[in-house]
Q: 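Below are the structure tokens for one structure; questions will follow.
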Amino acid sequence: KNEVEQSPQNLTAQEGEFITINCSYSVGISALHWLQQHPGGGIVSLFMLSSGKKKHGRLIATINIQEKHSSLHITASHPRDSAVYICAPYKNNDMRFGAGTRLTVKP
Amino acid sequence: NAGVTQTPKFQVLKTGQSMTLQCAQDMNHNSMYWYRQDPGMGLRLIYYSASEGTTDKGEVPNGYNVSRLNKREFSLRLESAAPSQTSVYFCASRDSGLYGYTFGSGTRLTVV
């Protein structure tokens with residue numbers, strides 16, 4: 001069993017839809033990182049959170065440390081949100097990465 | 001622009017050849033990392049350096065060596081490249097605390 005499981009693996013949405021990507025992990029962590037990888041390959045850090053919720057623009061990340069679960073939400077999705085979203089639990093300079101969720105938002 | 005600079009962007013090697021991937025950051029970050037990304041798999045940590053002068057193995061260190069030359073630069077060396085090392089390599093850096101990582105644009109390496 002993988003240490004980090006993301007669901008769904010692939011997601012297609014219509015512009016304007018509310019998106020949820022889930023991440024479950026089995027290891028003990030001090031924080032969790034959400035990353036975005038663009039079609040060109042570049043990786044951008046979105047959030048790093050250790051409890052509760054963080055919001056940045058249309059993106060919201062939540063984490064429940066006790067349940068070992070995090071979610072990334074995108075409100076009012078847009079085609080430019082199309083990318084691979086990666087969750088990565090973090091502890092002591094060690095991050096374990098999920099395989100990613102490929103999101104395609106159609107106009 | 002501030003960030004992490006990786007060179008080269010693309011490289012083709014023959015089996016047995018050696019090469020060094022360069023990484024430099026200008027954000028005064030303490031920690032630097034080398035990852036590899038293979039199709040269908042998550043990024044995996046090769047080596048990291050928590051501070052200047054220190055390096056530690058990650059999840060997949062075999063076949064690689066690293067040097068933290070100074071606070072800015074962290075290089076990854078393949079002494080004798082193998083086809084299994086065909087991958088996309090990312091360098092990253094971060095400061096202390098709960099701040100996100102900054103990634104370089106990646107090096108696509110093919111070993112034939």
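Chain naming here is simple, since letters A, B, ... match the order of the sequence lines and numbering starts at 1 in each. Bear in mind the structure is a predicted one, so any value in this text is a computation, not a measurement.
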Q: Looking at every heavy atom in both B:Tyr101 and A:Ser45, which two are closest together, and how far apart are they?
A: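 Taking B:Tyr101 first and A:Ser45 second, the nearest heavy atoms are O-CB, 3.1 Å.
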Q: Quick check on the hydrophobic clustering: are B:Val4 and B:Phe74 connected, directly or via other members, by side-chain heavy-atom contacts under 4.5 Å?
A: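 They do not share one cluster, since no chain of ILVMFWY contacts under 4.5 Å joins B:Val4 to B:Phe74.
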Q: Would B:Val60 and B:Tyr33 show up in the same hydrophobic cluster when neighbours are defined by side-chain heavy atoms closer than 4.5 Å?
A: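 Hydrophobic grouping puts B:Val60 apart from B:Tyr33.
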Q: Could you look at A:Gln6 and say if it's the side chain, the backbone, both or neither that has a heavy atom under 4.5 Å from chain B?
A: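 A:Gln6 has no heavy atom closer than 4.5 Å to chain B.
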Q: When clusters are formed by joining ILVMFWY residues with side-chain heavy atoms under 4.5 Å apart, either directly or through shared neighbours, do B:Trp34 and A:Tyr90 land in the same one?
A: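 Unlinked, B:Trp34 and A:Tyr90 end up in two clusters.
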Q: Would you say A:Glu17 has more than 12 foreign heavy atoms packed within less than 6.0 Å of its CD?
A: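 For A:Glu17, atom CD is crowded (more than 12 foreign heavy atoms under 6.0 Å).
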Q: For B:Leu45, which atoms come within 4.5 Å of any heavy atom of chain A: side chain, backbone, both, or neither?
A: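 For B:Leu45, side-chain heavy atoms alone lie under 4.5 Å from chain A.
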Q: Examine B:Leu21 and B:Phe90 and state if one hydrophobic cluster contains both, with Ile, Leu, Val, Met, Phe, Trp and Tyr joined whenever side-chain heavy atoms are less than 4.5 Å apart.
A: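 They do not share one cluster, since no chain of ILVMFWY contacts under 4.5 Å joins B:Leu21 to B:Phe90.
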Q: Under 4.5 Å between side-chain heavy atoms, counting indirect links through other Ile/Leu/Val/Met/Phe/Trp/Tyr residues: same cluster for A:Trp34 and A:Val27 or not?
A: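 Same hydrophobic cluster.
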Q: Look up atom CE in A:Met95 and atom OH in B:Tyr48, then write down how far apart they are to the nearest 0.5 Å.
A: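 Going from CE on A:Met95 over to OH on B:Tyr48, the span is 12.5 Å.
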Q: Heavy atoms, side chains only, cut-off 4.5 Å: are B:Glu59 and A:Phe97 in contact?
A: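 Answer no - side chains too far apart.
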Q: Quick check on A:Leu35 against chain B: is it the side chain, the backbone, both or neither that has a heavy atom closer than 4.5 Å?
A: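 For A:Leu35, the side chain is the part near chain B, not the backbone.
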Q: Under 4.5 Å between any side-chain heavy atoms of B:Arg44 and A:Arg96, yes or no?
A: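 Side-chain contact under 4.5 Å: no.
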Q: Which region of A:Ile43, side chain (C-beta onward) or backbone (N, CA, C, O), has a non-hydrogen atom less than 4.5 Å from a non-hydrogen atom of chain B, or is it both or neither?
A: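 Contact with chain B is through both the backbone and side chain of A:Ile43.
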